[in-house]
Amino acid sequence: MFTEPKGDRHLDPREAITYFRPMEEGEVDRAPLSLRLIRRIWTYTRPYARKRNALLCLTLLRGVQMPMLAWMIGATIKGPVAARDQHAIFVYAGTFLALVLCTVGVFHFRQRFALELGEAVVHDMRSDLFLKLMGMPMSFFTRTKFGRIISRMTSDIDSVKVGVQEVAFVSIVQALQMAVSAAMMAWYNWKLFAVMLVLVPIIWVVNQRYRAEMSHQLRKVQESWSRLTSTLAESVNGIRVTQAFVRQEVNAGFFRKLLGLHWENNQGVARASAVFVPLLQMKSQLFLGAMALLGGYGALQWQGWLHMDVGDLVMFFFLANLFFEPVQVIGNQYNQALTAMAGAERFFRLMDLEPDWRDAPAAKPLPHIHGRVEFEAVHFEYEPGRRVLEDISFVVEPGQTVALVGHTGSGKTTIVGLLQKFYLPTRGRVRVDGIDLLDVTSESLHSQMGSVQQNNFLFAGSVIENIRLGRREATVAEVHAALEALDCADLIESLPDGLDTPVGDGSTSLSLGQRQLVCFARALVANPRILVLDEATSAIDTVTETRLQKALEALLRGRTSFVVAHRLSTIRKADLVLVLDNGRIVERGNHESLLAAGGVYARLHAEFVGISAASLRA
């Protein structure tokens, strides 16, 4: 259910239809500047050193150009304008125009190179992160929230991109512009410059207060907007449940309250802007007024400590604006830098995360196998002290079918996960053809195994692309042969575009049964030596399952197969049935012998028969 953050008095948690947590536990949206992180981010610019170095040169040039334009204006007024030299005025104006064009060109390439460099860095960071994720063991994905992984790949890296594209180079430009402007003002009239510096602490304090208040208000807007979007997505995805339980008005009422909260947060941003933006602009007006009073007085005096030419005074005005303008810009860039540091810290924390286990350095490719599987006194814990499997021992000969049965949480899926080397046993050994899986590479093992899962996951693409997933070189004829062997070619060919029908994990173009059939065909085309069916028929209706029984026999024939099943039809013909309870094998044998024993399996069978009979009567 929805957990209401402190301070929100407009929403009743009992009315919530979604859960939103603005920040993962233990994470912050900002982090202090860190030279270590900056150096690591900088390493991603090394492949683009020429562009990066050119960008640095353009950045330094850009920081000098704007003060030079102001100096040129003052020099024009002080020189040819004061002397009424028309020819010299045109020369100075032409020089000024050339400098303006140069400034525009430098800005164009500085902006372009910064954007290109940022995109290149983001491209490499995302590529590295994806490669890192693909190499992490299954235990990582078991304990890591999906949203956290998506956040690393999207918002965290995007914040680093902003740091590269804007913060670094914009801050250099602004800082250099301030430094050059300050040096030129001090050179022409250090006394008036000293008077001007009195305003700097005031401007800084107002700017800091403005950024802090705006940051707080904008964060509230972002959180309320995230709630709106997540609520909208959940409501649309769950529209059938909403209408089935007549929740339209209730959900709409809650959504209206979220809209109201978002409106109030936006009003807070507007009020903060209305207070602080005029204050920030007023500092410029106050400064210009003081400059006009003091500088104008000095320009009218032929001597005195404030005396300066009119041209110098005009130039002083322009330089002063160039000096004060970066104060607010650098403050905003500093905020973005802190956000970029937080994103970089989370990104590199994931990149530096060591997998729970890796293939042994001496691991070798698994040779072609026959399919003999042996579990020898296997114990397993997902976490220390959290026992999942205890003393699991059995042997499966090549070509045999093993059925794993038991209540939810008994350890069935964990056993097949250990067989596929998604996890490593805490104690004991798992062997294939007498070879310890610890001594072979995971890739070579997986290349000789096939798997059909309960969730019938399909990647975005066409039907035939998903069927070829395990063997990309499979021909269209081989795909058709697999579908014929499964006796389901007609069901696939009845799709709008046949094998070229687009599908995906969220696709609605295929029924659950059709999606499951595609997964079966995918396993058959891959032609594995060891096959794992993890409740693979759970999404298939009884009629379709009846059609599949003969095809399943063909699929399992000659292969060592592990079947995690809850339907009796998939268990009866198994060579070995392992009955699990609380992580231990409590019974083993075939279907008939276990029924005759009258133990746990017999009770499970009686429960299943009773449920099936009740469903048939219904």
Side-chain angles (χ1 to χ4, degrees), residues 33 35 38-39 41-80 88 90-122 160-190 193 196 200 284 311-312 314-337 340:
L33 294 178
L35 289 178
I38 294 173
R39 283 196 296 267
I41 296 172
W42 196 251
T43 59
Y44 275 93
T45 67
R46 287 177 181 172
Y48 316 97
R50 291 182 60 184
K51 180 172 293 186
R52 179 198 64 196
N53 295 338
L55 177 57
L56 285 173
C57 293
L58 291 171
T59 299
L60 296 176
L61 184 58
R62 173 71 178 171
V64 176
Q65 282 180 327
M66 297 305 293
M68 290 304 298
L69 287 174
W71 175 85
M72 192 69 189
I73 293 174
T76 302
I77 296 175
K78 182 178 179 181
F90 282 109
V91 172
Y92 271 70
T95 304
F96 182 81
L97 178 60
L99 186 57
V100 168
L101 293 176
C102 179
T103 301
V104 172
V106 169
F107 178 71
H108 165 76
F109 285 103
R110 192 210 68 78
Q111 186 82 348
R112 172 182 166 182
F113 287 174
L115 294 175
E116 290 177 350
L117 184 64
E119 292 297 337
V121 168
V122 164
V160 175
K161 179 178 72 173
V162 172
V164 173
Q165 290 179 338
E166 297 185 21
V167 174
F169 300 106
V170 170
S171 297
I172 292 175
V173 169
Q174 299 297 320
L176 189 57
Q177 178 178 305
M178 286 187 69
V180 174
S181 299
M184 294 179 71
M185 285 188 292
W187 172 262
Y188 280 96
N189 193 323
W190 68 268
F193 176 67
M196 183 191 69
V200 172
S284 299
D312 292 340
V314 173
M315 181 192 62
F316 211 94
F317 270 98
F318 282 106
L319 290 174
N321 278 327
L322 294 176
F323 177 79
F324 281 110
E325 180 184 351
V327 173
Q328 183 174 350
V329 176
I330 291 177
N332 294 333
Q333 296 300 320
Y334 179 72
N335 275 348
Q336 292 183 333

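- Within the structure, salt bridge (Lys or Arg N to Asp or Glu O under 4.0 Å) contacts touching residues 61-73 (residues at least two apart or in different chains) do not occur.
- In terms of heavy-atom proximity, Pro67 sits nearest to Gln177 at CG-O, 4.0 Å.
- Taking Ala182 as the reference, Phe193, Phe323 meet the side-chain contact (heavy atoms from CB on, under 4.5 Å) condition, with sequence neighbours excluded.
- Sorted by first and then second residue, the side chain to side chain donor-acceptor pair (under 3.5 Å) pairs involving residues 101-119 (not counting sequence neighbours) are Lys51-Glu116, Arg112-Glu116, Glu119-Lys161.
- Contacts of Leu60 classified as side-chain contact (heavy atoms from CB on, under 4.5 Å), with partners at least two apart in sequence or in another chain: Ile172, Leu176.
- Note that CZ of Phe109 and SG of Cys57 are 14.5 Å apart. Values are rounded to the nearest 0.5 Å.
- Here Thr45 pairs with Arg52 under the side chain to side chain donor-acceptor pair (under 3.5 Å) rule; sequence neighbours left out.
- With sequence neighbours excluded, the residues satisfying side-chain contact (heavy atoms from CB on, under 4.5 Å) with Ser171 are Val167, Gln333.
- Atom CG of Leu115 is separated from atom CZ of Phe169 by 11.0 Å, given to the nearest 0.5 angstrom.
- To the nearest 0.5 angstrom, Tyr48 atom OH is 14.5 Å from Asn53 atom CG.
- For Leu61, the side-chain contact (heavy atoms from CB on, under 4.5 Å) partners two or more places apart in sequence, or in a different chain, are Gln65, Val106.
- Considering only heavy atoms from C-beta on, Val100 comes within 4.5 Å of Leu69 through its side chain.
- Considering CE of Met184 and CE of Met68, their distance stands at 6.0 Å, rounded to 0.5 Å.
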